[in-house]
Amino acid sequence: GDNGGGKGDLLGIPGVPAPSLPAVPSTGVKPVDTVLTYAQAVLQCTLEGYLPNLLVANDPFDQCVAAYTHPDTDSGSGKK
């Protein structure tokens, strides 16, 4: 359907150009592509050779899991 307007007319009104749209603002959120679920992180850390030590809080295994489940925080293992 032709709206009767010429090229560049807004809603068919001659001489009224289409408005320009501003750029889409950034959300400021980085893409998340490495965050794993807890189960996935446990499996990944186990495959990397880490073993959980239930007697020690925040052992290397815990740090590995934390790094995979919360990559934006400093968990101490460097896996970001």
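Just so you know, these numbers use all the heavy atoms, side chains as well, and skip hydrogens, waters and symmetry mates.
Among all heavy-atom pairs drawn from Leu36 and Thr69, the shortest one is O-CG2, 3.4 Å.
Here Leu43 sits in one hydrophobic cluster together with Leu47; the rule is ILVMFWY side chains under 4.5 Å apart, joined directly or through other members. Hydrophobic cluster membership for Leu54: none, as no Ile, Leu, Val, Met, Phe, Trp or Tyr side chain comes under 4.5 Å of it.
With sequence neighbours left out, the side-chain contact (heavy atoms from CB on, under 4.5 Å) criterion links Asn53 to Leu55, Val56, Asp59. With sequence neighbours excluded, the residues that form a side-chain hydrogen bond (donor to acceptor under 3.5 Å, both in side chains) with Thr37 are Gln40.
A distance of 7.0 Å separates CG in Leu51 from OG1 in Thr46, rounded to the nearest 0.5 Å.
Without hydrogens or angle criteria, Gln63 side chain to Asn58 main chain gives a donor-acceptor distance under 3.5 Å.
Taking the side chain as every heavy atom from C-beta outward, Tyr50 and Val65 never approach each other to under 4.5 Å.
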